[in-house]
S.K.: 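Dropping the structure in here first, questions after.
Only a predicted model underlies this, so the values are computations on that prediction, with no experimental measurement involved. For this chain, numbers begin at 1 and follow the sequence in order.
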Amino acid sequence: MARFGPQHWWPAEEPFEVIVGAILTQSAAWGNVEKAIANLKAAGALSAGALRRIPLSKLAKLVHPCGYYNAKALKLKSFAFWLGNHYDDDLGRFFDHSIDDLRQQLLSIHGIGQETADSIILYAAAKPVFVVDAYTCRIISRLGLAPQKDSYGAYQAFFTEHLPSDAKLFNEYHALLVGQGKSVCRRRPLCSQCCLSDICRFTAANPPS
């Protein structure tokens, strides 16, 4: 927090936009996701109803900047149809469910995996679930704190067992880890610029020259 400051994450105007961003950011840089969301807004296609009505080929063109555009267009439509069929597009009714129930329902939708489901639960529904991504796993592993089992659930449990269950805390913690992973703890890390270097086993074993 001292190094990066508050992250104000997730950048979106309303919960449905968070969900769209969570789906589009799979294997994509956030800057490209922002371009795709801007395209959707300009086309009046940033709602469940609009996503259902728009032709798949046109939707794919709108989300083209974030890559895997055909697959992501289908994922967006799948969620939009699911939300309409099950909740008449009422996210409030959907978010009234427990975390476990929300996750189970989200994982049943085409194209939504564990990280995307938890991002939706934390950032759109504002419920306390810790999101694990590649940055999180990389940082924790380099610090020497990786769980014995290399799985999403094991990494998530590492945080939930050691932190109070608080959505705002989980939000900021995850966002800061993303900031650290993007700017410093990269695949080829910039250890000399790292605010965690004094507690990092990777840095200790590979001191900056």
Side-chain angles (χ1 to χ4, degrees), residues 4 6-38 40-41 46-48 51 63 65-69 71-80 82-83 86-87 91-140 151-160 163 165-182 185:
F4 295 103
Q7 298 299 290
H8 306 293
W9 198 257
W10 193 286
E13 295 180 2
E14 42 82 29
F16 191 81
E17 185 179 334
V18 173
I19 294 170
V20 170
I23 292 171
L24 294 180
T25 199
Q26 296 173 9
S27 303
W30 182 251
N32 293 329
V33 174
E34 289 182 317
K35 294 175 184 177
I37 290 177
L40 292 171
K41 288 182 177 179
L46 196 59
S47 70
L51 288 175
V63 302
C66 62
Y68 302 99
Y69 45 90
K72 290 182 179 179
L74 182 58
K75 292 176 183 180
L76 289 176
K77 274 191 167 289
S78 296
F79 179 80
W82 179 89
L83 186 64
H86 289 80
Y87 293 97
L91 281 176
R93 282 176 51 209
F94 174 47
F95 292 158
D96 280 342
H97 291 273
S98 69
I99 290 174
D100 288 342
D101 197 8
L102 287 174
R103 183 186 286 112
Q104 185 176 15
Q105 292 187 62
L106 286 167
L107 291 175
S108 73
I109 304 169
H110 169 75
I112 294 184
Q114 294 184 94
E115 181 184 338
T116 302
D118 286 343
S119 294
I120 292 170
I121 295 168
L122 176 62
Y123 293 110
K127 292 180 181 283
V129 60
F130 201 95
V131 178
V132 174
D133 58 19
Y135 294 125
T136 302
C137 295
R138 180 191 301 161
I139 294 166
I140 294 304
S151 69
Y152 185 97
Y155 275 91
Q156 188 176 62
F158 172 78
F159 288 94
T160 57
L163 296 172
S165 182
D166 182 275
K168 290 183 178 180
L169 173 64
F170 288 177
N171 178 318
E172 195 68 71
Y173 211 131
H174 173 245
L176 287 166
L177 285 170
V178 171
Q180 171 79 353
K182 288 171 63 177
C185 199

S.K.: Would you check if the side chain of Thr160 reaches a backbone N or O of Gln156 as a donor-acceptor pair within less than 3.5 Å?
M.R.: yes
S.K.: For Leu176, does its backbone N or O pair with a side-chain atom of Gln7 as donor and acceptor, under 3.5 Å?
M.R.: no
S.K.: Kindly say whether Cys66 contributes a backbone atom to a donor-acceptor pair with the side chain of Lys72 at under 3.5 angstrom?
M.R.: yes
S.K.: My understanding is that only residues two or more places apart in sequence, or in another chain, count here; which of them pass side chain to side chain donor-acceptor pair (under 3.5 Å) with Glu172?
M.R.: none
S.K.: Heavy atoms, side chains only, cut-off 4.5 Å: are Glu34 and Ile37 in contact?
M.R.: no
S.K.: Could you tell me whether a side-chain N or O of Lys77 sits under 3.5 Å from a main-chain N or O of Leu51, the two making a donor and an acceptor?
M.R.: yes
S.K.: Identify which one of Phe4, Trp9, Phe130 satisfies the ring pair (Phe, Tyr, Trp, His ring centres under 6.0 Å) criterion when paired with Tyr173.
M.R.: Phe130
S.K.: Would the number of heavy atoms belonging to other residues, nucleotides or ligands and lying under 6.0 Å from CZ of Phe158 be above 12?
M.R.: yes
S.K.: Measure the shortest side-chain to side-chain distance between Tyr135 and Lys182 over non-hydrogen atoms and say whether it is less than 4.5 angstrom.
M.R.: yes
S.K.: Between Val178 and His174, does the side-chain contact (heavy atoms from CB on, under 4.5 Å) criterion hold? Intermediate values first, please.
M.R.: CA-CA 6 Å; Val178 171; His174 173 245; 3.7 Å; yes
S.K.: With heavy-atom distances below 4.5 Å as the criterion, would you say the side chains of His110 and Trp82 are in contact?
M.R.: no
S.K.: Evaluate the criterion side-chain contact (heavy atoms from CB on, under 4.5 Å) for residue pair Tyr68 and Lys75; output intermediate values, then yes/no.
M.R.: CA-CA 11 Å; Tyr68 302 99; Lys75 292 176 183 180; over 6 Å; no
S.K.: Is the shortest side-chain heavy-atom distance between Leu102 and Val129 below 4.5 Å?
M.R.: no
S.K.: Within a reach of under 6.0 Å around OH of Tyr87, are more than 12 heavy atoms found that belong to other residues, nucleotides or ligands?
M.R.: yes
S.K.: Would you indicate whether the side-chain heavy atoms of Ile19 and Leu83 approach each other to under 4.5 Å?
M.R.: no
S.K.: Taking Gly111's backbone N and O only, do any of them form a donor-acceptor pair with Gln26's side chain (distance below 3.5 Å, no angle check)?
M.R.: yes
S.K.: Might you work through the side-chain contact (heavy atoms from CB on, under 4.5 Å) test for Val131 and Glu115, ending with a clear yes or no?
M.R.: CA-CA 6 Å; Val131 178; Glu115 181 184 338; 4.0 Å; yes
S.K.: Can any side-chain N or O of Asn171 pair as donor or acceptor with the backbone N or O of Tyr123 at less than 3.5 Å?
M.R.: no
S.K.: Keeping Thr25 on the side-chain end and Ala22 on the backbone end, is there a donor-acceptor pair under 3.5 Å?
M.R.: no
S.K.: In sequence, state the C-alpha distance, the side-chain angles, and the governing distance for Ile140 and Phe159, and then conclude on side-chain contact (heavy atoms from CB on, under 4.5 Å).
M.R.: CA-CA 10 Å; Ile140 294 304; Phe159 288 94; 3.7 Å; yes
S.K.: Answer yes or no: are there more than 12 heavy-atom neighbours, outside Glu14 itself, under 6.0 Å from its atom CD?
M.R.: yes
S.K.: Between Asp96 and Arg93, is there a salt bridge with N-O shorter than 4.0 Å?
M.R.: no
S.K.: Among Asp118, Asp133, Thr136, which one satisfies side chain to side chain donor-acceptor pair (under 3.5 Å) with Tyr152?
M.R.: Asp118
S.K.: Would you say the side chain of Phe94 lies within less than 4.5 Å of the side chain of Leu106, judging by non-hydrogen atoms?
M.R.: yes
